[in-house]
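Working notes, structure below.
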Amino acid sequence: MNYEFKSLKELYDRITPALRAKCTECKALGYKNISERDIWDYLTSAKWVSSNNLDLNKMVSDIFNSSINDINNYIINKA
């Protein structure tokens, strides 16, 4: 099934459950400072910045397979 999104907000809303699950995983592992928005920012700024034609499955896979340490380092460097 192919999805087309009219805006980043629409895409964000669609993948929020995956972001929420990753955030819960982060918190369970002691990374209490990582939010859903931080994960989104990391992926859009570091992982997907040069990607084209990403499909929803790939994006969700990237969310679940992202290194929590990489996300945390991104947040620290951003601050």
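Just so it is clear, the values below take in all heavy atoms, side chains as well, and ignore hydrogens, waters and symmetry mates.
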Open item on the list: If you compare all heavy atoms of L43 against all heavy atoms of S66, which two are closest, and at what distance to 0.1 Å?
Closed with: CD2-OG, 3.3 Å
TODO: State the CD1-CD1 distance between I39 and I63, to the nearest 0.5 angstrom.
DONE: 8.0 Å
Task: Check: D41/S45 side-chain N/O donor and acceptor closer than 3.5 Å - done: no
Open item on the list: Treating S7 as the side-chain partner and E10 as the backbone partner, does any N or O pair qualify as donor plus acceptor under 3.5 Å?
Closed with: yes
- [ ] Say whether F64 and I15 are linked into one hydrophobic cluster, either directly or through other cluster members, by side-chain heavy-atom distances under 4.5 angstrom.
- [x] yes
- [ ] Would you please name every residue forming a salt bridge (charged side-chain N to carboxylate O under 4.0 Å, His left out) with K9, sequence neighbours left out?
- [x] D13
Task: Heavy-atom donor-acceptor pair, K47 side chain to M59 backbone, under 3.5 Å - done: no
Task: Pair I75-Y42, side-chain contact (heavy atoms from CB on, under 4.5 Å): steps then yes or no - done: CA-CA 8 Å; I75 294 167; Y42 163 73; over 6 Å; no
Task: Value rounded to 0.5 Å, distance of CG in L11 from CG in L54 - done: 9.0 Å
Task: With S35 via side-chain contact (heavy atoms from CB on, under 4.5 Å) - residues at least two apart - done: R37, D38
Task: Main-chain N/O of W40 paired to T44 side chain as donor or acceptor, under 3.5 Å - done: yes
TODO: Mind listing the closest non-hydrogen atom pair of R14 and L56 along with its distance?
DONE: NE-CD2, 3.9 Å
Task: N/O donor-acceptor pair under 3.5 Å between N72 side chain and I68 backbone - done: no
Task: Reported CZ-to-CD distance for the pair R20 and E36, which is rounded to 0.5 angstrom - done: 5.0 Å
Open item on the list: Between I71 and Y31, is the side-chain contact (heavy atoms from CB on, under 4.5 Å) condition met? List the steps.
Closed with: CA-CA 10 Å; I71 297 167; Y31 293 87; over 6 Å; no
